[in-house]
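So the structure is just underneath, and the comments pick up after that.
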Amino acid sequence: MPELPEVVYFKKYIDATSLHQQLSDVEIENDTILSGITPAGLQKHLKECQFQSTSTHGKYLFIRTDNGCELMMHFGMTGEPVYYKKPDEKPGYPRVTFHFANGYHLAFNCMRMLGEVGIVESRESFIREKDLGPDAYSEAFDLTTFRELLSDKRGMIKSALMDQSFIAGIGNECSDEILYQAGIHPKTTIAGLSDSNIKLIYEKMQEVIEEKIDSNMEHRKLPDSYILSHREEGSECPKCGGTIEKIKVSGRNGYYCPKCQQN
DNA sequence: AATATTGTTCAGCA
DNA sequence: GTGCTGAACAATAT
């Protein structure tokens, strides 16, 4: 489920488990998720180094090593880091595994191989190359910036929120939740948004991201009024008791409440 | 068997 | 150039 909040969670997970330990080996079980690098190339870059620090931008995670490498990870639809010691704790789809000298392992577990692992020149150049917008949860992304960005954009608000070159980090689920909390119909065009709508969307975006980060990926810890656990056609709206409907926007299936989101 | 799935990228069209 | 749609990628579940 890796959207920005999950990637922030992964960052904390890696920080808590995998920093400042000697890497003894990098095992590549499947190289289709390697991005712009060969298995041998990745192993060479990471030879006998340590993970020093991590950072994120949108849905991307970066791990800085003590020998100056910037390891990039994108989790696709089904990726997650798994830190384990005993062989029976090994996850089902470890496409790349970082073996540590202390006997622990960090696996890049990814059922559908839509994730990416690679070495990048620098965070900044990578973000530029990928043409990513500002991180949705960064200090720099304030209401004024959001307003300015929207003034150059057309189309439907849900599409815009999911557009990584517009804002980085919001995916299908998050955009549904933000618009549900803001009471705004997913197909509302940007031109049709009032100034107070824009402010509301910005505030709900920050709130939803924060709640999702605080929930530590446990759905049950999210507020009862969230649509997330009701994202299914015909399900009951937690706010008005009405019926949740499915809607196709930008090729993705979104869910919304026609009663609560009329704007 | 057909359809769905949290993501990205590309082609084709308006 | 921008925006929308559908397909592709891969593997699984319903």
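From a predicted model like this one, the values you see are computed outputs, not experimental measurements. Below, chain A is the first sequence line, B the second, and so on; all start at residue 1. Keep in mind that the numbers below use all heavy atoms, side chains included, and drop hydrogens, waters and symmetry copies.
Here B/dT6 presents its C1' atom at 11 Å from CG of A/L114, a figure rounded to the nearest Å. When the P atom of C/dA13 is taken as reference, atom CD of A/E232 falls 18 Å away, rounded to whole Å. The nearest whole Å value for the distance from the NE2 atom in A/H74 to the C1' atom in C/dC9 is 14 Å. One interatomic measurement links the two molecules: CD1 of A/I157 to C1' of C/dG3, which rounds to 14 Å at whole-angstrom precision. In this structure, A/I209 atom CD1 and B/dT6 atom C1' are separated by 15 Å, rounded to whole Å. At whole-Å resolution of the value, CG in A/D176 and C1' in B/dT5 are 13 Å apart. Between A/K187 atom NZ and C/dC4 atom P there is a gap of 10 Å when expressed in whole angstrom units. The distance from atom CD1 of A/I127 to atom P of B/dT8 is 14 Å, rounded to the nearest whole Å.
Straight-line distance between the C1' atoms of B/dT3 and C/dG6: roughly 15 Å, to the nearest whole Å. C/dG1 and B/dT8 have their P atoms separated by 23 Å, given to the nearest Å. With both ends at atom C1', the span from C/dG3 to B/dT6 equals 23 Å, rounded to whole Å.
Atom-to-atom distance recorded for A/Q52:CD and A/T65:OG1 is 7.5 Å, nearest 0.5 angstrom.
A cation-pi arrangement, defined by a distance under 6.0 Å to the six-membered ring centre and an angle within 45 degrees of its axis, is present between A/K239 and A/Y180. Judged by a 6.0 Å distance limit and a 45° cone about the ring axis, A/K130 is not positioned over the six-membered ring of A/Y60.
For the pair A/H99/A/L23, no side-chain contact is recorded, criterion being any heavy-atom separation below 4.5 Å from C-beta on. The shortest side-chain heavy-atom distance between A/I178 and A/I170 falls under the 4.5 Å cut-off.
When the nucleotides B/dA4, C/dA11, C/dT12 are ranked by their closest atom to the side chain of A/M113, C/dA11 comes out on top. For A/K153, whose side chain is taken as the heavy atoms from C-beta onward, the closest listed nucleotide among C/dA11, C/dG3, B/dT8 is C/dG3. Between C/dA11, B/dT6, C/dT2, one nucleotide has an atom nearer to the side chain of A/E173 than all others, and that is B/dT6. Taking every side-chain heavy atom of A/R154 into account, C/dG3 is the closest of C/dG3, B/dT8, C/dA11. Side chain of A/S250, nearest nucleotide from B/dT8, C/dC4, C/dA11: C/dC4. With B/dT8, C/dA11, B/dT6 as the candidates, the nucleotide lying closest to the side chain of A/R95 is C/dA11.
Among the atoms of the strands shown, only primed sugar atoms or phosphate atoms (P, OP1, OP2) are found under 4.0 Å from some heavy atom of A/M156. Residue A/F75 is out of contact with every strand shown, counting any heavy-atom pair closer than 4.0 Å. A/Y255 comes within contact range of the sugar-phosphate backbone alone, with a heavy-atom separation under 4.0 Å but no base atom that close. Across all strands, A/T32 comes closer than 4.0 Å to no nucleic acid atom at all (heavy-atom distances).
Nucleotide B/dC13 forms a pair with C/dG3, judged by Watson-Crick or G-U wobble geometry with both contacts under 3.5 Å.
Remark: A/R252 is not in phosphate contact with B/dA4, judged by side-chain N or O atoms under 4.0 Å from OP1 or OP2. OP1 or OP2 of B/dT5 lies within a sub-4.0 Å distance of a side-chain N or O belonging to A/N253. At B/dT6, none of the side-chain N or O atoms of A/T78 fall inside 4.0 Å of OP1 or OP2 (strictly under the cut-off). OP1 or OP2 of C/dC4 has not a single side-chain nitrogen or oxygen of A/K248 nearer than 4.0 Å.
A salt bridge is absent between A/D31 and A/R95; no separation between the charged side-chain nitrogens and carboxylate oxygens falls under 4.0 Å. In this structure, A/E70 pairs ionically with A/R64, as a charged nitrogen and a carboxylate oxygen lie closer than 4.0 Å.
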Dump every N/O contact between nucleotides 9-14 of chain B and the protein below 3.5 Å, one line per pair.
residue, atom, partner, partner atom, Å
B/dT9, OP1, A/K130, NZ, 3.0

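Taking all atoms of both residues into account, the shortest heavy-atom contact from A/S250 to A/M162 is CB-CE, 4.4 Å.
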| said: Quick one, A/Y83 with A/H105, criterion ring pair (Phe, Tyr, Trp, His ring centres under 6.0 Å). Give me CA distance, side-chain angles, the key distance, then yes/no. | reply: CA-CA 6 Å; A/Y83 187 75; A/H105 319 273; 8.5 Å; no
